[in-house]
Amino acid sequence: MPAQKKSLKLILLSLFLILLIVFGEHLSRNSLLPALATRVDGSSSPIASSAFSLLQKLDEQLCRALRCVNRSVSDFAAWKITSVTLSPENAREGLKNDLNQFVMQVQLQNRLALSVLFPNLEITLTDAEESEIKSIQFTPQEWLPSAWQESHTDFLNQGAPSGEIFSSELPISLPQNAAGYRVRIFYPEK
């Protein structure tokens with residue numbers, strides 16, 4: 001009889017511990033999921049990718065059962081700027097462009113295995129000494145291609161799908177003394 005009581009206590013304690021872990025994961029999901037998310041660019045091991053996929057399925061089941069809000073997260077580490085090029089707006093005019101109108105082509109990728117909120121883009125123009133001349137900021141509505149926005153009407157809440165690559169062409173006017181540029185992503189403070 002005492003062995004059965006000990007066994008029952010151990011089973012109840014184990015169930016309580018499992019329940020505590022499951023609800024702990026659920027309550028901290030907005031910080032835990034991005035921290036554990038694997039990369040879709042091939043830099044994560046197959047075992048880690050499988051384990052994260054299993055965690056996502058468990059989390060989805062918990063969200064359905066507990067009716068939680070499954071919202072995208074903001075995570076700088078998710079984004080990779082894969083390419084940036086700056087060229088004259090009208091290639092035939094070349095450097096004779098009096099208005100200094102240029103087009104910056106930017107390509108970004110969400111590398112995480114989950115949806116991530118879209119960041120803002122900032123282009124910093126510098127002179128020959130690399131001193132900042134001008135800073136230009138673009139919201140997601142400004143830098144995301146309009147065709148993509150029209151086909152994904154709730155993109156600000158849904159975020160960028162896992163692995164998705166976005167290519168944008170942003171018209172900018174360069175000051176005469178511009179010699180370089182830097183591109184960064186950021187999430188505005190709320």
Side-chain angles (χ1 to χ4, degrees), residues 29-31 33-44 49 52-53 56 59-60 63 69-127 130 132-176 178-190:
R29 66 186 301 278
N30 287 334
S31 58
L33 286 177
L36 297 176
T38 54
R39 307 268 184 253
V40 295
D41 60 3
S43 62
S44 297
S49 296
F52 183 72
S53 178
Q56 276 186 302
D59 184 64
E60 286 172 17
C63 268
V69 177
N70 192 6
R71 58 182 171 212
S72 299
V73 297
S74 56
D75 187 358
F76 292 106
W79 293 99
K80 178 180 181 183
I81 300 173
T82 57
S83 72
V84 177
T85 56
L86 183 65
S87 57
E89 190 171 55
N90 189 340
R92 287 177 286 150
E93 291 178 15
L95 298 174
K96 296 179 184 178
N97 188 349
D98 292 333
L99 300 174
N100 274 348
Q101 292 298 111
F102 284 76
V103 174
M104 180 163 285
Q105 296 171 318
V106 180
Q107 193 173 61
L108 297 164
Q109 180 184 22
N110 172 12
R111 298 180 305 158
L112 283 186
L114 69 148
S115 294
V116 178
L117 292 174
F118 287 100
N120 288 5
L121 284 179
E122 181 180 63
I123 299 169
T124 304
L125 303 173
T126 59
D127 62 13
E130 298 216 12
E132 183 178 323
I133 300 171
K134 183 178 181 182
S135 178
I136 307 165
Q137 296 181 355
F138 296 94
T139 64
Q141 298 93 319
E142 295 169 323
W143 70 262
L144 274 169
S146 56
W148 196 90
Q149 289 184 45
E150 290 168 8
S151 64
H152 299 81
T153 53
D154 197 24
F155 70 94
L156 288 177
N157 293 322
Q158 295 295 318
S162 172
E164 187 94 14
I165 296 174
F166 302 91
S167 297
S168 295
E169 292 187 355
L170 307 169
I172 59 172
S173 180
L174 293 182
Q176 292 295 330
Y181 61 87
R182 289 186 293 273
V183 178
R184 76 175 185 102
I185 63 163
F186 71 97
Y187 288 101
E189 294 180 20
K190 294 181 180 181

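Numbers here simply count residues along the sequence, with the first being 1.
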Requested in this report: Could you grab the distance from atom CG of L125 to atom CZ of F102, nearest 0.5 Å is fine?
Outcome: 10.5 Å
**Report entry** Residue pairs passing the salt bridge (Lys or Arg N to Asp or Glu O under 4.0 Å) test where at least one lies in residues 150-163, sequence neighbours excluded
**Finding:** none
Report summary line: A160 and W79 have their tightest heavy-atom pair at CB-CH2, 3.4 Å
Query raised in the report: In this structure, which one of V183, L144, I185, V84 forms a side-chain contact (heavy atoms from CB on, under 4.5 Å) with L108?
Result: I185
Report task. Give a yes or no answer on whether the side chain of N110 reaches the backbone of P161 with a donor-acceptor pair at less than 3.5 Å. Result -> yes
**Report entry** Contact list for residues 103-114, test salt bridge (Lys or Arg N to Asp or Glu O under 4.0 Å), sequence neighbours left out
**Finding:** D41-R111
Query raised in the report: Nearest heavy-atom pair of Q158 and S115: which atoms, and what distance?
Result: O-CB, 3.5 Å
Requested in this report: Using modelled atom types only, decide if a donor and an acceptor are shared between the side chain of W143 and the backbone of P119 within a distance under 3.5 Å.
Outcome: yes
Requested in this report: Can you sort out the partners of F52 under ring-ring contact (aromatic ring centres under 6.0 Å, His included), two or more places apart, ordered by chain and number?
Outcome: none
**Report entry** With sequence neighbours excluded, residues passing side chain to side chain contact (heavy atoms under 4.5 Å, CB included) with E132
**Finding:** T124, S135
Query raised in the report: Parallel, tilted or perpendicular: which fits the ring planes of W148 and F155, with parallel below 30° and perpendicular above 60°?
Result: perpendicular
Report task. Sorted by first residue and then second, give each salt bridge (Lys or Arg N to Asp or Glu O under 4.0 Å) pair with at least one member in residues 112-122; sequence neighbours left out. Result -> E122-R184
Report task. Report the distance from atom CD1 of I133 to atom CG of L174, rounding to the nearest 0.5 Å. Result -> 9.0 Å
Query - Which residues share a ring-ring contact (aromatic ring centres under 6.0 Å, His included) with Y187, sequence neighbours left out - result: F76
Query raised in the report: What pairs with T126 under side-chain hydrogen bond (donor to acceptor under 3.5 Å, both in side chains), at least two apart in sequence or on another chain?
Result: none
Report task. Check side chain to side chain contact (heavy atoms under 4.5 Å, CB included) between L156 and all other residues, then give those that pass, not counting sequence neighbours. Result -> P140, Q141
Query - Heavy-atom closest contact (L86 atom, I172 atom, distance) - result: CD1-CD1, 3.8 Å
Query raised in the report: Between Q56 (side chain) and L114 (backbone), is there a donor-acceptor pair under 3.5 Å?
Result: no
**Report entry** From Q137 atom CD to L121 atom CG, the distance as rounded to the nearest 0.5 Å
**Finding:** 10.0 Å
Query raised in the report: For A77, which residues count as a side chain to side chain contact (heavy atoms under 4.5 Å, CB included) partner, sequence neighbours excluded?
Result: R39, D75
Report summary line: When every non-hydrogen atom of P145 is compared with those of S167, the smallest separation belongs to CG-O, 3.2 Å
Query - side chain to side chain contact (heavy atoms under 4.5 Å, CB included) partners of V103, counting only residues at least two apart - result: E89, Q105, E169
Query raised in the report: If every non-hydrogen atom of K134 is compared with every non-hydrogen atom of P175, which pair is closest and at what distance?
Result: CD-CG, 4.3 Å
Requested in this report: For side-chain hydrogen bond (donor to acceptor under 3.5 Å, both in side chains), just list the numbers for T82 and Q107, CA-CA rounded to whole Å, side-chain angles, deciding distance to a tenth of an Å, and then say yes or no.
Outcome: CA-CA 5 Å; T82 57; Q107 193 173 61; 3.0 Å; yes
Query - Steps toward side-chain contact (heavy atoms from CB on, under 4.5 Å) verdict (L170, I136) - result: CA-CA 11 Å; L170 307 169; I136 307 165; over 6 Å; no
